[in-house]
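Read the structure below first, then the notes.
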Amino acid sequence: MSRLWRDRIQIFLAPERLDWVRLKRGLKPVQVAKSTAFFEPAAGVPIWNAAMQQLEKVLTEAAGTEVSVILSNHFLRYAALPPQNEITTPEEVKSYAEFRMREVYAERVDSWVISISDWSPVDGAVSAAMPHDLIMQLEQMISRHDCKIKIIEPYLASVYDRWQAQLKGDKIYLAIIESGRICIAITHHGKWQNIRNQRILHNAADDLLAALDQEVIWSGTKETTEFVYLFAPEHPEITLPQESGWCIISLPAGKVSALAHYPSAPNDHSELNQCPA
């Protein structure tokens with residue numbers, strides 16, 4: 001089968017859910033199927049096992065397709081790579097990313113696959129680490145069903161790339177909230193400052209506010225009102241108190257819509273998304 005004429009399967013893979021859409025290939029791809037499966041991760045095995053079992057079922061009915069996968073931030077670890085003028089070659093960038101990852105995560109780096117965003121000696125980059133076993137299982141499963149991998153990418157990378165043109169300001173806070181996890185990326189004058197990727201311990205609104213306040217404390221500066229770009233499709237009603245000093249700018253923004261396989265709220269989550277004054 002010509003790769004040009006393969007149908008596409010687009011997937012969001014998380015510990016407790018699998019979202020996927022199928023597009024009929026052509027000059028203008030048409031969505032012909034969409035589904036979400038929810039499940040409970042099993043104890044004593046990697047947290048992606050249940051999701052991979054669900055993915056096996058999807059690919060069994062989708063042999064010969066082109067597959068794109070977005071990985072939940074639950075499966076990722078990130079590190080900002082501050083700019084370094086003397087680092088220019090791909091080999092130097094790779095060594096720098098490995099050093100920064102090991103500095104933060106120690107020997108756990110040995111079991112991860114590290115990827116790096118476009119590097120700039122002036123602005124830096126972001127490094128993402130994914131479990132080697134998960135990537136290997138994905139590649140083997142996709143190949144076993146005669147499918148072709150188009151891309152495997154982190155949730156943060158997908159969201160940032162999709163709305164980068166809409167992110168305005170000298171200091172940018174981008175928060176991505178999914179079920180059980182918050183990821184916050186921070187840039188200052190276009191330079192990467194920090195990536196925070198943490199579990200939700202209380203509720204999404206409280207933990208988001210606490211994480212944002214900690215970031216401005218560490219940076220040493222806070223405006224009277226700070227703005228945070230928020231993509232939280234599983235928490236559509238999330239709010240922060242007006243007196244908190246934070247103003248949410250919700251994504252999607254402009255004419256750029258959310259991808260069909262991004263996760264969405266299955267139920268009314270409003271009781272979980274209010275941050276008390």
Side-chain angles (χ1 to χ4, degrees), residues 1-26 29-77 111-113 115 128-159 162 176-181 183 199-200 231-236 257-269:
M1 179 187 295
S2 170
R3 184 183 180 92
L4 179 63
W5 297 108
R6 290 179 183 268
D7 282 4
R8 303 177 188 174
I9 299 288
Q10 297 176 332
I11 295 158
F12 178 82
L13 190 78
E16 298 180 356
R17 67 183 295 160
L18 180 78
D19 297 81
W20 65 272
V21 299
R22 182 163 181 159
L23 302 175
K24 192 71 176 177
R25 194 64 182 264
V30 177
Q31 181 178 306
V32 294
K34 179 178 179 178
S35 185
T36 299
F38 296 94
F39 37 82
E40 291 290 335
V45 296
I47 62 170
W48 58 80
N49 271 28
M52 292 296 287
Q53 291 171 4
Q54 293 294 324
L55 179 58
E56 184 87 57
K57 297 176 184 178
V58 173
L59 295 183
T60 297
E61 303 296 327
T65 56
E66 178 185 84
V67 178
S68 300
V69 181
I70 294 174
L71 292 178
S72 158
N73 287 323
H74 283 277
F75 302 134
L76 275 294
R77 297 296 179 265
S111 62
W112 295 342
V113 175
S115 64
M130 300 166 276
H132 179 271
D133 288 349
L134 171 58
I135 300 303
M136 182 178 64
Q137 289 177 32
L138 272 172
E139 291 174 344
Q140 291 175 348
M141 181 182 295
I142 291 170
S143 176
R144 189 165 63 249
H145 289 284
D146 192 33
C147 298
K148 297 291 184 180
I149 297 175
K150 181 180 181 182
I151 190 171
I152 299 174
E153 64 178 337
Y155 195 16
L156 170 60
S158 179
V159 171
R162 190 158 186 81
I176 301 168
I177 299 180
E178 58 182 297
S179 180
R181 185 156 288 264
C183 183
R199 288 183 297 169
I200 294 174
F231 184 63
E234 294 175 84
H235 299 265
S257 60
L259 294 174
H261 58 297
Y262 282 161
S264 58
N267 301 304
D268 179 12
H269 286 252

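Fair warning: this is a prediction, and the values are worked out from it, not measured in the lab.
Ion pairing between R17 and E178 fails under the 4.0 Å rule for side-chain N and carboxylate O.
Side-chain atoms of R6 do not come within 3.5 Å of backbone N or O of C147 as any donor-acceptor pair. Not a single donor-acceptor pair under 3.5 Å links the side chain of H74 to the backbone N or O of I47.
Applying the side chain to side chain donor-acceptor pair (under 3.5 Å) rule to S35 yields no partners; only residues at least two apart in sequence or on another chain are considered. The side chain to side chain contact (heavy atoms under 4.5 Å, CB included) test applied to V32 returns R22, K24, not counting sequence neighbours. Every residue was checked against the side chain to side chain donor-acceptor pair (under 3.5 Å) condition with S115, not counting sequence neighbours, and none meets it. Take S143 and apply the side chain to side chain contact (heavy atoms under 4.5 Å, CB included) test, not counting sequence neighbours, and it matches no residue. Taking F75 as the reference, nothing meets the ring pair (Phe, Tyr, Trp, His ring centres under 6.0 Å) condition, with sequence neighbours excluded. Under the ring pair (Phe, Tyr, Trp, His ring centres under 6.0 Å) criterion, F12 pairs with Y155, sequence neighbours left out. Partners of E139 under the side chain to side chain contact (heavy atoms under 4.5 Å, CB included) rule, at least two apart in sequence or in another chain, are I135, I149. In terms of the side chain to side chain contact (heavy atoms under 4.5 Å, CB included) criterion, residue partners of Q31 (sequence neighbours excluded) are, by chain and number, V21, L23, K34, A260. Residues forming a ring pair (Phe, Tyr, Trp, His ring centres under 6.0 Å) with W48 (at least two apart in sequence, or on another chain): none.
Between K150 and Q10 the shortest side-chain heavy-atom distance does not fall below 4.5 Å. Side-chain contact between P131 and S111: absent, with no pair of heavy atoms (C-beta onward) separated by less than 4.5 Å. R25 is not listed as a side-chain neighbour of V30, based on a closest heavy-atom distance of 4.5 Å or more. Side-chain contact between D19 and I11 is absent, with no heavy-atom pair separated by less than 4.5 Å. Looking only at side-chain heavy atoms (C-beta outward), I142 and K148 stay at 4.5 Å or farther from each other.
Expressed to the nearest 0.5 Å, how far CG of L59 lies from CG of D146 amounts to 11.0 Å. Distance check, rounded to the nearest 0.5 Å: CG of L76 to CG of L134 gives 9.0 Å. The SG atom of C183 sits 5.5 Å away from the CD1 atom of I176 when rounded to the nearest 0.5 Å. Atoms CZ and CG, on F39 and N49 in that order, are 10.5 Å from each other to the nearest 0.5 Å.
Pairing each heavy atom of A128 with each of P154, the nearest pair is CB-CG, 3.9 Å. Of all non-hydrogen atoms in E234 and A265, the two that sit nearest each other are O-CB, 3.6 Å. Residues M52 and L13 share a closest heavy-atom pair of SD-CD2, 4.2 Å. Heavy-atom minimum distance, A50 versus P41: CB-CA, 4.2 Å. Across every non-hydrogen atom of S158 and I70, the tightest pair is OG-CD1, 3.4 Å. Closest approach of I200 to I177, counting heavy atoms only: CD1-CG2, 4.1 Å.
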Worked verdict on V159 versus Y262 for side chain to side chain contact (heavy atoms under 4.5 Å, CB included): CA-CA 9 Å; V159 171; Y262 282 161; 4.1 Å; yes
Evaluation steps, side chain to side chain contact (heavy atoms under 4.5 Å, CB included), between F38 and E16: CA-CA 6 Å; F38 296 94; E16 298 180 356; 6.0 Å; no
Residues M130, L71; criterion side chain to side chain contact (heavy atoms under 4.5 Å, CB included); working and verdict: CA-CA 9 Å; M130 300 166 276; L71 292 178; 3.7 Å; yes
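Listed by first and then second residue, the salt bridge (Lys or Arg N to Asp or Glu O under 4.0 Å) pairs involving residues 37-51 amount to none (not counting sequence neighbours). The side-chain hydrogen bond (donor to acceptor under 3.5 Å, both in side chains) pairs that include a residue from residues 54-64 are E56-R144, E56-H145, where partners are two or more places apart or lie in different chains.
If you check the side chains of T65 and D7, you find no donor sitting under 3.5 Å from an acceptor.
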